[in-house]
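We count ligands from 1, going down the list as the structure has it; atoms in each ligand are counted the same way.
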Amino acid sequence: MSTPAKNIIVGTAGHIDHGKSSLVEALTGTHPDRLEEEKRRGITIDLGFAFLASEGVQLGFVDVPGHERFVGNMLAGAAGVDLVMLVIAADESLKPQTREHFDICRLLGVQHGLVALTKSDLVDRDALDLVRLEAEEYLRGSFLEASPMVAVSARTGAGLEELKKALVGQAARVPGKDARRDFRLPIDRAFAIKGFGTVITGTLTSGHVAPEDEVELFPSGTRLRVRGVQSGGRFVERAAAGQRTAVNLAGIDHHLLRRGMTLAAPGRYRATRRIDVQLELLPGAPKLKHRAQVHFHSGSFEAMAEVALLGRAELLAGDRTFAQLKLHESVLVLPGDRFIIRQSSPRITIGGGTVLDPMPRRLRAGEAPRQAYLSAVERRDRTEMLGTLVERSLFGLPRKGIAARTGWTDPEIDEAVRDNASAKRIRVVLADSPLLYPAAAFDELKRKVADRVERFHRENPLRPGIPREELRAALARRLRPEIFRSVVEELVVERKLELAGELVKRAGAEVSLLPEEVKAKAEIEAAFASAGLAVPSVKEVLAKLSIEARRSEKLLQLLLRDKALLRVTPELIFHRDALRDLRGKLASYKRAKGERISVPVFKDLTGITRKYAIPLLEYLDRERVTRRQGDERVIL
Ligand SMILES: Nc1nc2c(ncn2[C@@H]2O[C@H](COP(=O)(O)OP(=O)(O)OP(=O)(O)O)[C@@H](O)[C@H]2O)c(=O)[nH]1
Ligand SMILES: [Mg+2]
């Protein structure tokens with residue numbers, strides 16, 4: 001099996017008319033300008049694409065317009081670039097968009113590239129040397145400082161072979177994009193092809209895509225089916241990160257798709273309009289005020305945004321800070337994504353930075369905890385990030401929301417969860433989706449629950465335990481039921497608490513009575529036991545006791561709970577033995593006299609008045625000892 005080719009995106013950059021498109025054509029054989037208007041005016045307006053395979057490397061060229069009015073289009077193409085080919089015309093040297101494009105590449109985090117000194121056929125050796133010196137000086141200290149600088153002519157072909165070699169050499173140094181991450185493809189074009197239907201194109205920035213995949217469209221969240229995939233102008237079984245990719249989509253009209261939207265793995269991410277970022281202002285840019293309006297560009301997306309600076313009133317040229325951006329439209333971005341900001345008038349690039357948190361809370365005073373989190377994101381310390389996220393979550397962090405927040409793959413999420421759990425920083429509580437909870441807060445809850453149960457026993461010595469719901473209501477506001485359940489369960493496992501139905505009690509807790517209560521309880525029971533079926537009223541019995549009503553009422557409840565006494569009607573309570581005797585009497589009556597018994601006979605048999613007889617018979621009916629039939633009862 002041959003190793004798959006390395007896929008590298010090469011982006012052109014440079015001033016208008018400096019020969020970018022001509023050079024791409026000279027290298028690949030494809031002229032990247034496709035629009036009628038481009039051909040007529042002889043300038044590039046929108047992105048163009050071409051391909052070159054050389055020595056096991058697949059180079060996908062993204063050719064951008066140099067015109068200052070089309071920097072927006074340039075940005076959409078520059079977003080996926082691995083390697084920049086900075087084009088400087090030998091007869092003109094550095095020009096405004098040479099600088100602006102190069103600034104953009106730096107802000108986007110491009111790490112590799114080379115310089116092509118084009119139109120070398122138009123200048124003599126001295127002039128060429130001068131341009132070379134100017135370019136070297138400009139690039140000193142940048143990522144292109146030590147990169148190849150090749151003089152070429154698209155017209156004569158001079159230097160082209162050397163340039164190709166240099167490109168392949170640089171491509172070998174690019175780490176490339178990660179096909180193992182989850183799928184994401186920012187859309188840069190959408191159109192329809194007869195016989196195929198809707199097609200979108202873009203630079204596949206992560207993961208891979210294949211026919212029949214389900215994908216999610218952002219920001220709308222629409223789920224779509226991939227019908228076919230092309231890469232480098234051919235149908236492929238699967239396209240991987242780093243490739244220019246065309247995706248044929250089923251079930252959607254191409255008018256509903258636009259540059260700036262994104263296709264991504266389904267069910268993982270969420271579009272956002274508020275993001276926390278690290279923001280950097282270019283040297284030489286005008287200062288940026290708190291709440292300034294800017295144009296925001298990320299991937300192929302562009303929208304207006306308001307910049308809220310964290311903890312300062314303005315940002316000066318060359319400075320960097322944490323900031324929160326409020327976008328006028330929704331976008332899918334993930335931590336680590338780069339972005340550019342431009343001002344409205346004059347329309348120039350003023351800065352850019354890195355997305356740190358795509359789902360931050362609204363800005364408020366006292367932002368120290370946010371800065372701690374943002375610093376962890378900047379360091380790309382996943383364990384710390386997750387720990388901080390969980391600690392900042394008020395009600396626990398659902399496992400299923402982490403991908404949208406971080407862009408991590410499932411194995412990465414699992415690892416960060418494991419690390420934090422084994423360091424005892426977080427607790428994993430089982431729920432529909434596992435819920436991550438700060439360990440310190442969990443332990444605090446355990447203490448609170450144990451204390452609350454303890455206090456309940458102290459204040460209610462005659463009650464066997466606190467009802468679950470009462471216990472929960474006494475704890476933190478808006479505590480998730482899963483957390484509460486898990487706290488109680490753990491205390492039960494640790495043999496600190498016990499459950500009895502809906503009651504929670506201290507392990508081993510028994511209702512403890514004072515000597516006078518023990519006596520009173522016995523008196524209540526005796527009063528009913530000695531009365532047989534002709535029971536006294538509850539009031540009467542309790543009134544005779546030497547303790548106050550509230551306590552005697554509780555003692556009665558205890559007797560009822562233990563089933564020493566039974567409540568037959570709200571007013572009538574009988575002793576358990578009296579009712580057992582009654583059942584016995586009915587059984588022997590049935591054996592001796594048959595199964596039918598009338599109310600008068602029942603009264604005679606038991607020696608009680610109608611006042612007790614009727615409620616007792618109804619009780620026996622309910623208990624299925626007897627069944628009413630006309631005026632009589634059948635003993636069952
Ligand atoms: N003599 C000479 N002319 C060139 C060379 N390369 C490009 N040109 C000419 O320069 C003009 C601009 O070339 P393009 O390739 O369109 O320039 P570009 O940088 O793509 O321009 P934009 O995309 O509009 O920014 C065209 O007329 C080309 O024929 C070269 O190596 N030598
Ligand atoms: Mg061009």
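Of the N or O atoms in I43, none lie within a sub-3.5 Å distance of an N or O in ligand 1. Remark: ligand 1 and S120 share no N or O pair separated by less than 3.5 Å (distance only, no angle test). Where the criterion is an N or O separation shorter than 3.5 Å, residue side chain and backbone included, R155 meets it with respect to ligand 1. Taking distance alone, with nitrogen or oxygen atoms compared against 3.5 Å, V152 stays at or beyond that limit from ligand 1.
What sits closest to atom 18 (P) of ligand 1 on the protein, heavy atoms only, is K20 N, 3.4 Å. Protein heavy atom at the shortest distance from atom 13 (O) of ligand 1 is S22 OG, 3.4 Å. Protein heavy atom at the shortest distance from atom 16 (O) of ligand 1 is G42 O, 4.0 Å. Taking atom 21 (O) of ligand 1 as the reference point, the nearest protein heavy-atom neighbour is D17 N, 3.0 Å. If you check which protein heavy atom lies closest to atom 5 (C) of ligand 1, you get K119 CG, 3.6 Å.
Distances below 4.0 Å separate heavy atoms of D121 from the following atoms of ligand 1: 1 (N), 2 (C), 30 (C), 31 (O), 32 (N). Residue L122 approaches ligand 1 through these ligand atoms, each under 4.0 Å from one of its heavy atoms: 1 (N). Close contacts of ligand 1 with S21, meaning ligand atoms under 4.0 Å from a residue heavy atom, involve 15 (O), 18 (P), 20 (O), 23 (O).
Judged purely by atom type and a 3.5 angstrom limit, T354 has no side-chain atom pairing as donor or acceptor with the backbone of Q278.
Using a 4.0 Å cut-off between heavy atoms, T12 makes no contact with ligand 1 at all.
Of the residues T205, T262, D337, the one that meets the side-chain hydrogen bond (donor to acceptor under 3.5 Å, both in side chains) test with R184 is D337.
Distances from atom 24 (O) of ligand 1 to the heavy atoms of T44, I45, L160, L117 show the closest one on T44.
Aromatic ring centres of F196 and F191: separated by at least 6.0 Å.
Within 6.0 Å of CD on E134 lie more than 12 heavy atoms contributed by other residues, nucleotides or ligands.
Using bins of under 30°, 30° to 60° and over 60° for the plane-to-plane angle, the ring pair Y269/F218 lands in the tilted bin.
The distance cut-off of 2.8 Å around the Mg ion (ligand 2) captures these protein N, O or S atoms, sorted by chain and number: S21 OG, T44 OG1.
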